[in-house]
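One structure is given below, encoded as structure tokens.
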Amino acid sequence: MEKYDPGAVEQKWQQYWSKNPYLALDFGKKPKFVMLTEFPYPSGDGLHLGHTREYTYGDIIARYKRLQGYNVMYPMGFDAFGLPTENYAIKNNITPQEATERNVATFTDQFKSLGYSFDWTRVINTTDPGYYKWTQWLFLQFYKHDMAYQEESSINWCPRCKTGLANEEVLSSGRHERCETLVEKKKLKQWMLRITKYADRLIEGLENVDYPSRIADQQVNWIGRSEGAEISFVVAPAESETSGEATHKIKVFTTRPDTICGASFLVLAPEHPLVDRITTKDAKPEVNSYKKMVAAKSEIARAEEKNKTGVFTGAYATNPISGDKMPIWIADYVLATYGEGAIMAVPAHDERDHEFASKYSLPIVQVVAAEEANPVDPPRAGKKNTKRQTVSCLVKHPEKDEYLTINWTKRGWRTLPKGGIEDGETAEEAARREITEETGYKNLKYLGEMPYCRHSCFYAAHKDINRDITTIYLHFQLEDLDRDQPELDEIEAAEGIEAVWAPRSDLSSLTPHDPLDIITDWLDGKMICHTDCGTMINSGEFDGLLSSDASEKIIAKLESMGAASRKTSFKLRDWIFSRQRYWGEPIPIIHCADCGAVPVPDKDLPVVLPKVDSYEPSDTGESVLASVPDWVNVPCPKCQKPAKRETDTMPNWAGSSWYWLRYFDAHNDQAFADPKKLKYWGEVDLYLGGMEHTTLHLLYSRFWHQFFYDHKLVPTPEPYAARRGQGIILASDGRKMSKSLGNVINPTSVINDGYGADALRLAIAFLAPFDQTTPWNPEGVAGTYRFLVRVWNLCQQAQKSDSETVKAIPAEGWAAELRRVRAKTVKKVRDDLDGMHFNTAVAALMGGLNDLSKHGPDKETMADFCLLLSSFAPHISHELYHQLTGKQLDTAEFPTYDEKDLVDTEVEVVIQINGKVRSKVKVPADQVTQETLQSIAENDVRVKQFIGSTPIKKTIVVTKNRLVNIVI
RNA sequence: GGGCGAGUGGCGGAAUGGUAUACGCGGCAGACUCAAAAUCUGCUGAUCGCAAGGUCGUGAGGGUUCAAGUCCCUCCUCGCCCACCA
């Protein structure tokens, strides 16, 4: 073959591979490496470019690891249950089974045309009864350990798909993640999996695996663990209703028990079960109409509602610490599904509560004072503590957005005007006095007091005491600048202070005595006091404590009163596992009037999907399976009386929650996998997949695996040793590829355009860092194709005559130079493959080729080049390697290099003057030493021109970077 | 509002604190050709200059350093995920 013909080359090698397949060897002696990529949903549209990116990366690593001597498993399968296939079948008037078969065949052809080195003997299909038998069996293990249960609850319902959904499948916009239909709430009896039992484990397990932080963080965030306390509030019996009913207790969950004295009211979710019982007669009509209004609102409307609404129930509870009477309200900003469905509202320290309290005029009490940082003089042990109240004054300029600040020139401080409140003085009087003393201004208009005070404790050297200070902030505006020239108090003047007008943006230069964050919030009209940590005030016996300590003490006190317990809450909900569609694994349960829910005995598995005429579920929320009497009506496995099969099917996440384990033993009909094989293959070494599955498949499958581990079904606690997420390929217009936008790129058509699979694979690898979302550049394939043509031609040239090329170049330098280029390229490609920097590895190959073609390489060098290239472009590499060596590429080892060859004989030394490049000199490599470089640099002609007579201050020589910097 | 990440030529993107823009795309010029395509060679950050060469330049502003795309602080913009989570 004179000319590169990708069609012919690729066909030839794909045929070769079908006769000489890549196999993963059970119990192989070589070290094992499991390269897993997420198996596709075989849709009717065929493979898209996103799949191609994922599987190309996987194939590059699999092939690289094989050449490095690993027993590589790179498996593939099909996750084929689910609605799209059902819809595709309806549209094409075939059964979902037929549709799946058809689509799987298309995908398989496409995979083969891309040269992926999957082990085709291990292909799995989740819709194969031989596979879903074990999905059902594993489900029953959950059931038998009380991890699967049925519950009548309000679930997410997709009216278009006519099926229930898990929380994870609902987008934040309230739409179904697959079809984008608005999700409704529906009451249905559903199968649930207790994933919440594993909430902690799912977080802890992340410490022992290699996941990028964005994936680990997202899972942690989704699980949403928060620690706090569950506090009970006793409802005071309403006076008008002396029916003698037992007192009610309202439980709330809070992460901030320290703020309990600031809890001025309680709020229940409108759906809270106690609402009806505690509402007083007078409040009933209003409460009921509010509940009705809320019930009528959709989830999204509720979430989008910006203004908080609520109504008073007429009832009161008692604050167990302060003893205060707290009105009980209901409001839809409190979620029924989180915590206890009720909160203690602390309006001073929570924005939402603040908004609500302001709207309905409920009391706002600050209980945590932000701690002023005191960088200068922290309190000293053994000194007397003196309490004191001080004022800080914010004085606004009459015209500009500027404020008075004081420069304490002797101390180097800058503060707001401030000082202590003396006996018999009001805060305002003290403020006016201090402002006048420190700035001379007198004509002040009082604007008000900031609702939150601050606390600080420091050592006052001039009095030799510790001062425990509470600071109140007062706001003034200067009335008239002209009439009010600053006239300093003599004593203050002696202190060396001066008043300066500072624009608001400049207030950040104030000494941290003054709380810029709070001042700006106040000026911006945000009245909330953000205090993660501070000093307790208005909290009786807890005053003066740090809030974190107070939290502990308050919980302890409440516990001793029997009014609270420590508790951890999670955002994670149990997994709704029922679907009301046909095309899924039947849930292997039989309902018996006497025995209840009875698992289908192992010997009767799988429960095979019956053939049906139509796939549409009924409007009652039952799947179509309910209308197949022969299938539904079966004897109870326990008592043999007539019973009925469960007609719900599993979600399409079920089959994928354990599929990688099946690759380890794909044809076992005695167990889901042989324990010895599970042990040999162990954890998946690298799992590549989409970021969109972080809180869906990835979390679900980790949950299943952890459960399996606990019941000794698998040998490792975590399924995947390392996980990476590949980025999305956007269309070249920068938008998402989608059929409706008509900007979808089909990998098969790129191959058929004449570029071939190798050029496409290279273009994908070269596109961008693997985890980066980036637009597709159609011209990129033309570039990688040209590169392959050059590789082909250079190999032909190398074969024709080694001697001819040798003649062209002095023999000695030629060989050394070739070795150097080879070593450099091998190192870069190896390092980049190890670090998954595929794009720069391809760049190195291109650069290497450019260098090699200048020197006229020999056959051996080109054979090594083909090995480097082979994981990216396997077809052409196999062909050229065979041409060059007469051997099969797969029998070779990945090239290594000699460190000595990396050393250049001559290097370029950069000479900088004051950090700017002024000259470059070629220096023999053996002369790169501190002394020689320094003298070469200082004597360089151009350098001398530059320096002139200016004396050299210092010369820095960096030998490892071949750089000299002369400082003048 | 919370979490994570990113800002570098016309474009995709390179760069262990040490020559910014590797590699590729696109563009320009030339060679080959009757011509075109393909291929090959050269040029291609901005700006001033006839040139040698200078100056500026990695979102903005400060700082550390002999030296900053890279480290620190402040800010701006964009992307993704989550979001009334108590």
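These numbers come from the heavy atoms of this one structure, side chains and all, not from hydrogens, waters or symmetry mates. Throughout, a chain's letter reflects where its sequence line sits, starting with A, and its residues are numbered from 1.
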Give one of base, sugar-phosphate or nothing for A:Val267, where a contact means two heavy atoms less than 4.0 Å apart. nothing
Please work out if A:Trp776 contacts a base, only the sugar-phosphate, or nothing of the nucleic acid, heavy-atom cut-off 4.0 Å. nothing
With distance as the sole criterion, is a donor-acceptor pair present between the side chains of A:Arg918 and A:Gln945 under 3.5 Å? no
Give one of base, sugar-phosphate or nothing for A:Asn850, where a contact means two heavy atoms less than 4.0 Å apart. sugar-phosphate
Can you find a side chain N or O atom of A:Lys916 that sits less than 4.0 Å from OP1 or OP2 on B:C56? yes
In whole Å, measure the gap between the P atoms of B:C71 and B:U19 for me. 16 Å
Across every strand shown, the nucleotide meeting Watson-Crick or G-U wobble geometry with B:A52 (both distances under 3.5 Å) is none
Tell me, for nucleotides 13-19 of chain B in 5' to 3' order, what letter each nucleotide earns: B for a base near a protein heavy atom under 4.0 Å, S for only sugar-phosphate near one, - for neither? SS-B-BB
Donor-acceptor side-chain pairing of A:Gln934 and A:Glu938 below 3.5 angstrom: yes
Under the ring pair (Phe, Tyr, Trp, His ring centres under 6.0 Å) rule, collect the residues that match up with A:Phe838, sequence neighbours excluded. A:Tyr57
Base versus backbone protein contacts along nucleotides 40-48 of chain B [heavy-atom cut-off under 4.0 Å; B, S, -]: S--------
Using a heavy-atom cut-off of 4.0 Å across all strands, would you classify A:Ser226 as base, sugar-phosphate, or nothing? sugar-phosphate
What is the nucleic acid contact for A:Lys954, judged by heavy atoms within less than 4.0 Å: base, sugar-phosphate only, or nothing? sugar-phosphate
Identify the nucleotide, in any strand shown, that forms a Watson-Crick or G-U wobble pair with B:G1, with both distances under 3.5 Å; if there is none, say none. B:C82
Which is true for A:Arg225 with a 4.0 Å heavy-atom rule: it touches a base, it touches only sugar-phosphate, or it touches nothing? nothing
With a 3.5 Å limit on both atom pairs, tell me what B:G61 is paired to, counting Watson-Crick and G-U wobble, or say none. B:C73
Taking only side-chain N and O atoms of A:Arg918, does any of them lie within less than 4.0 angstrom of OP1 or OP2 on B:G54? yes
Tell me which of A:Gly780 and A:Ala843 sits closer to the 5' end of RNA chain B, going by the nucleotide each one is nearest to. A:Ala843
Is B:G62 in the syn or the anti form, by the rule that syn lies within 90° of 0? anti
Can you tell which of B:G24, B:A86, B:A83 lies closest to the side chain of A:Trp222? B:A83
Suppose we define a pair by two distances each less than 3.5 Å, Watson-Crick or G-U wobble; what does B:U39 pair with here? B:A31
Can you see whether A:Thr309 engages A:Tyr360 through a side-chain donor-acceptor pair at a distance of less than 3.5 angstrom? no
With sequence neighbours left out, what residues match A:Ser919 under side-chain hydrogen bond (donor to acceptor under 3.5 Å, both in side chains)? A:Asp940
Got a salt bridge between A:Arg724 and A:Asp210, using NZ or NE/NH1/NH2 to carboxylate O under 4.0 Å? yes
Gap in Å between the two C1' atoms, one belonging to B:G9 and one to B:C28, rounded: 16 Å
Could you check which nucleotide pairs with B:G9 in any of the strands shown, counting Watson-Crick or G-U wobble with both distances under 3.5 Å? none
So what's B:G18 paired with, Watson-Crick or G-U wobble, going by both distances under 3.5 Å? B:C66
First encountered from the 5' end of RNA chain B, between A:Ala844 and A:Val967: A:Ala844
Which residues share a side-chain hydrogen bond (donor to acceptor under 3.5 Å, both in side chains) with A:Trp222, sequence neighbours left out: A:Glu168
Regarding A:Gly783, tell me which of base, sugar-phosphate or nothing describes its non-hydrogen contacts under 4.0 Å with the strands shown. sugar-phosphate
Quantified in whole Å, what is the P atom distance between nucleotide B:C50 and nucleotide B:C66? 40 Å
In chain order, what residues pass the side-chain hydrogen bond (donor to acceptor under 3.5 Å, both in side chains) check against A:Glu931, with sequence neighbours excluded? none
side-chain hydrogen bond (donor to acceptor under 3.5 Å, both in side chains) partners of A:Arg723, counting only residues at least two apart: A:Glu38
P-based separation of B:G54 from B:A36 [nearest Å]: 41 Å
Can you list everything that forms a ring pair (Phe, Tyr, Trp, His ring centres under 6.0 Å) with A:Phe570? Sequence neighbours excluded, please. none
List for me each residue that meets ring pair (Phe, Tyr, Trp, His ring centres under 6.0 Å) alongside A:Tyr333, sequence neighbours excluded, and say none if there are none. A:Phe356
Using a heavy-atom cut-off of under 4.0 Å over every strand shown, decide if A:Phe356 touches base, sugar-phosphate, or nothing. nothing
Under 3.5 Å, is there any donor-acceptor pair linking the side chain of A:Lys571 to the base of B:C82? no
